[in-house]
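Report on the following structure.
From a predicted model like this one, the values you see are computed outputs, not experimental measurements.
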Amino acid sequence: MKHKAMVWGILVTLLVFSLTTNLTAKSSAEALKYLNELTDPLDKISADRLSYIQALAHSNSKQDKEAKRAAIITSVEKALLNANQATKYDGSSDLKDAVIKYLNVYYTVLREDYGKLVDLKEAAEQSYDAMEAYMLAEKKAGEKLHEAAEKFGKEQKVFAKDNDITLYESKDRMSQLLKKSGEVMNYKDELYLIDFKPYKQEYYLLQALKDQDVKAIEQSRETLLKYAEEGLKLLDKVVPYDGDSSLIQACKNNLNFYKMEAKDQVPTLIEFHMKEARFDAYKKKFNEKDPKDRTQEDVDTHNKLLGEVNTLVPTYNKINQTLNKQRGVLIEQWNKSNKNFLSKHVPKK
């Protein structure tokens with residue numbers, strides 16, 4: 001069974017501020033210089049993080065993505081070195097300590113939390129629970145960064161207030177690109193998870209069909225129908241992103257396929273396997289009898305059961321061929337929709 005493509009990444013909105021150079025009489029140029037020296041390296045980190053997100057969205061090269069992530073780590077290490085070498089300002093190390101604390105959290109998330117994500121990612125495709133756990137861990141990693149950024153932002157504001165420096169929440173292009181990229185990736189992940197639950201359940205159904213396990217087929221069919229209907233209800237609450245409903249429609253096409261498959265087609269496949277199992281059981285007893293001991297009723301029953309199986313063979317084959325073809329088309333469309341959605345909405349530069 002083909003796997004659907006997915007893009008991964010730690011996403012978080014950082015608090016970024018721009019500084020006005022119009023200082024009051026009480027302010028000192030030294031205070032502004034000190035603040036800039038501590039915070040300027042954060043701009044490089046933001047630029048590298050944006051480059052990493054863009055690689056996740058637009059590049060098919062695993063090597064390129066890993067290189068971008070390594071660049072973020074390098075930038076954080078350099079920023080930490082810079083902050084550790086900074087002196088106190090006016091006898092206080094509060095701002096310096098805040099920068100170091102923030103960068104340490106950032107570094108830990110990149111090295112440790114992300115390391116765990118890499119391990120979880122390998123197992124994520126195995127089940128919906130594993131996928132959900134991966135996304136939850138990814139979300140928590142982002143929350144750690146956001147919380148650390150907020151704490152640093154508060155300390156930055158205190159320093160600015162104490163030294164008569166006016167801070168404005170940044171509206172620069174970098175901040176907007178990071179915010180936009182995060183929104184796009186989170187939106188895509190939301191739809192991916194809605195689709196993944198029945199997608200994975202269908203895998204179990206196909207495995208049960210392969211094993212000709214009628215009980216497992218029926219259980220998987222009922223669960224698939226339930227998940228598909230639940231997904232369609234969830235999908236009704238999702239609004240198009242920036243007027244783009246392409247991903248919603250692709251997800252809806254998948255869910256409607258799962259619903260149709262489970263409700264309308266699989267029951268016939270189950271019927272075929274039940275009749276085949278009934279014939280196989282009777283055939284075994286039939287063959288155990290010596291030919292001279294077989295009655296006409298035995299022969300008639302054997303032929304009747306065989307006929308029922310043979311009658312369903314063309315229908316069984318046609319259903320499988322049709323479902324396989326439709327499934328292949330939908331997987332291709334889903335992957336293409338994800339790629340086009342990211343290409344359209346994640347800023348390239």
With Glu276 via salt bridge (charged side-chain N to carboxylate O under 4.0 Å, His left out) - residues at least two apart: none
Non-hydrogen side-chain atoms of Arg278 and Glu308 separated by less than 4.5 Å: yes
Verdict with reasoning, Lys275 to Glu271, per salt bridge (Lys or Arg N to Asp or Glu O under 4.0 Å): CA-CA 6 Å; Lys275 288 187 175 181; Glu271 181 185 2; 3.2 Å; yes
Mutual orientation of the aromatic rings belonging to Tyr192 and Trp334 [parallel < 30°, tilted 30-60°, perpendicular > 60°]: tilted
Whether Tyr106 and Tyr102 hold their rings parallel, tilted or perpendicular, with breakpoints at 30° and 60°: perpendicular
Short question: side chain of [X], backbone of [Y] - any donor-acceptor pair under 3.5 Å?
| X | Y | result |
| --- | --- | --- |
| Glu218 | Ile270 | no |
| Asn186 | Gly182 | yes |
| Ser93 | Lys96 | no |
| Ser46 | Leu42 | yes |
| Asp298 | Thr295 | yes |
| Arg294 | Phe286 | yes |
| Tyr199 | Tyr258 | no |
| Asn82 | Glu37 | yes |

Polar contact flag, side-chain donor to acceptor under 3.5 angstrom, Ser246-Asp244: yes
Name the atoms and distances for all side-chain donor-acceptor pairs under 3.5 Å in residues 318-326, with sequence neighbours left out.
unit_1 : atom_1 : unit_2 : atom_2 : d
Asn320 : ND2    : Tyr316 : O      : 3.3
Thr322 : OG1    : Lys318 : O      : 2.8
Asn324 : OD1    : Arg327 : NH1    : 2.8
Asn324 : ND2    : Asn320 : O      : 3.1

Geometric cation-pi criterion Lys200 and Phe196, 6.0 Å radius, 45° cone: no
Chi angles and distances behind the salt bridge (Lys or Arg N to Asp or Glu O under 4.0 Å) call for Glu143, Lys140: CA-CA 5 Å; Glu143 288 173 350; Lys140 287 183 176 180; over 6 Å; no
Atom of Val238, atom of Ile248 and distance for their closest heavy-atom approach: O-CD1, 3.5 Å
Ring centers of Phe279, Tyr282 separated by less than 6.0 Å: no
Charged N-O contact under 4.0 Å between Lys285 and Asp280: no
